[in-house]
Structure formats: C-alpha cells, structure tokens
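Atom set for the values below is all heavy atoms of this structure, side chains included, hydrogens, waters and symmetry mates excluded.
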Amino acid sequence: MKRQKNAAIHGIWRAGVVKEVLQRFQSEVLPKADQLRKSIIHGDINEQNLLLHPTEPEVTGLLDFGDVLLTWQVNDLAICMAYSMLKKDHPLEAAGHLLAGYCKGRPLSDVEMEVLPCLVACRLAQSITMGNHAAIMDPSNK
C-alpha cells in the first residue's frame with residue numbers, strides 16, 4: 001500500500017510539472033510562433049542517432065529519420081539539449097556546451113533564444129509523459 005501511495009504522489013508531482021510546462025509553452029512560446037524560423041528538422045537528435053568521426057570531435061551524419069517534420073528550427077536544438085541533459089551530473093553545463101557549439105554554426109535569433117528554455121522543458125515534459133505511459137502499459141518497464 002505504501003509503495004502505491006508513493007507512486008501516486010510521484011505521479012501527481014510529475015503531472016503538475018508537465019501541466020506547468022504546458023502553461024509556460026502557451027504563454028511564452030505560442031505568442032511568438034510567427035517570429036520563429038521554420039524548416040524541416042530531424043526531430044530526434046540524440047547520441048543514438050549520430051554518426052561520429054572516428055578520430056575527430058565531429059558529427060558526420062544522422063540516423064533515424066522517423067521524426068522528421070516541418071516546424072520551428074529551434075526545436076531540433078531544444079530536443080538535442082534535452083537529451084544532452086539526461087543522466088548528467090551537471091545537466092545545464094552539458095546543455096550550455098551544446099548551445100555554444102550550435103550557435104557557432106547557426107546563431108539563434110533573440111526570440112529563439114528567449115523561447116529555447118521553455119522548448120527544452122517541453123521535451124523533458126514529453127519524456128516524463130512517455131515514461132509514465134510506458135510504465136502504465138507495462139508495469140515491469142521501469
């Protein structure tokens with residue numbers, strides 16, 4: 001019984017976080033939507049989908065194009081930053097390095113920079129939601 005209660009409390013906490021992120025998206029990002037550059041993006045850039053140069057710190061290609069779509073360009077960076085933060089001792093530092101490297105090749109507009117933290121939070125909220133869904137569908141999947 002105690003385990004179920006703790007799981008329910010944890011689930012409520014997660015739901016609250018996701019709800020807060022969605023409210024921020026509606027108030028901070030959507031009003032600026034027409035100011036965000038659009039293009040076709042990969043939609044799932046993470047360490048599992050990168051091809052790396054064998055001796056240089058360089059990405060040479062991408063795999064898995066199942067999430068390709070036309071949307072705001074900054075979303076690709078937000079998704080990648082969210083992945084870069086997972087299971088890190090210093091998640092903001094990891095995301096900051098990624099942002100710095102990205103901006104060397106493709107600088108962000110002021111509006112893109114403003115909405116980026118919320119978009120990263122949205123991707124993390126999506127991960128929470130999908131993780132909870134997977135656990136509900138298969139309780140042995142922790």
*Should we count NZ of K32 as having more than 12 external heavy atoms under 6.0 Å?*
yes
*With a 4.5 Å heavy-atom cut-off, do I79 and V120 have their side chains touching?*
no
*Does a sphere of radius 6.0 Å around CG in D34 hold more than 12 heavy atoms from other residues, nucleotides or ligands, not counting ones at 6.0 Å or beyond?*
yes
*When rounded to the nearest 0.5 angstrom, what distance separates CG in D44 from SG in C80?*
10.0 Å
*In terms of heavy-atom contacts, does CD of Q35 have more than 12 from other residues, nucleotides or ligands at under 6.0 Å?*
yes
*asked:* Could you see if L77 belongs to whatever hydrophobic cluster contains F25? Use Ile, Leu, Val, Met, Phe, Trp, Tyr and a side-chain cutoff under 4.5 Å.
replied: yes
*asked:* I'd like to check M113 versus L99 (side-chain heavy atoms, cut-off strictly below 4.5 Å). Are they in contact?
replied: yes
_When you group the ILVMFWY residues by side-chain heavy-atom contacts below 4.5 Å and let the links chain together, are L86 and L119 in the same group?_
yes
_Hydrophobic cluster partners of L62 (side-chain heavy atoms under 4.5 Å)_ = I40, I45, L50, L52, V59, F65, V68, L70
*asked:* Please evaluate residues L92 and M85 with respect to the criterion side chain to side chain contact (heavy atoms under 4.5 Å, CB included), reporting the C-alpha separation (whole Å), side-chain torsions for both, the decisive distance (0.1 Å), and the verdict.
replied: CA-CA 7 Å; L92 294 177; M85 297 170 75; 3.7 Å; yes
_Tell me whether V74 shares a hydrophobic cluster with Y83, the cluster being built from Ile, Leu, Val, Met, Phe, Trp, Tyr side chains joined at under 4.5 Å._
yes
*Does R37 have any salt bridge (Lys or Arg N to Asp or Glu O under 4.0 Å) partners at least two apart in sequence or in another chain, and if so, which?*
E112
*Start with the C-alpha gap between N49 and H42, add the side-chain angles, then the distance that decides, and say whether side chain to side chain contact (heavy atoms under 4.5 Å, CB included) holds.*
CA-CA 10 Å; N49 292 334; H42 183 274; 4.0 Å; yes
*Give the minimum heavy-atom separation between P117 and R24, together with the two atoms involved.*
C-NH2, 4.1 Å
*Non-neighbouring partners of T71 that pass side chain to side chain donor-acceptor pair (under 3.5 Å), sequence neighbours left out*: N75
*Indicate yes or no for a side-chain donor-acceptor contact from K88 to the backbone of S84 under 3.5 Å, with no hydrogens or angles considered.*
yes
*Short question: side chain of D76, backbone of G43 - any donor-acceptor pair under 3.5 Å?*
yes
_Same apolar cluster: M130 and L124, side chain cutoff 4.5 Å_ = no
_L108 vs Y102, test: side chain to side chain contact (heavy atoms under 4.5 Å, CB included). Steps then yes/no._
CA-CA 9 Å; L108 296 179; Y102 183 94; 3.8 Å; yes
_So for atom NE2, which belongs to H90, do other residues, nucleotides or ligands contribute more than 12 heavy atoms lying within a distance under 6.0 Å?_
no
*Close side-chain approach of W72 and I41, heavy atoms under 4.5 Å*: no
*Which is it for M81 and R123 under the side chain to side chain contact (heavy atoms under 4.5 Å, CB included) test, yes or no, and what are the steps along the way?*
CA-CA 9 Å; M81 287 176 69; R123 183 54 176 219; over 6 Å; no
*Would a distance-only check, ignoring hydrogens and angles, find a side-chain to backbone donor-acceptor pair under 3.5 Å from S39 to Q73?*
no
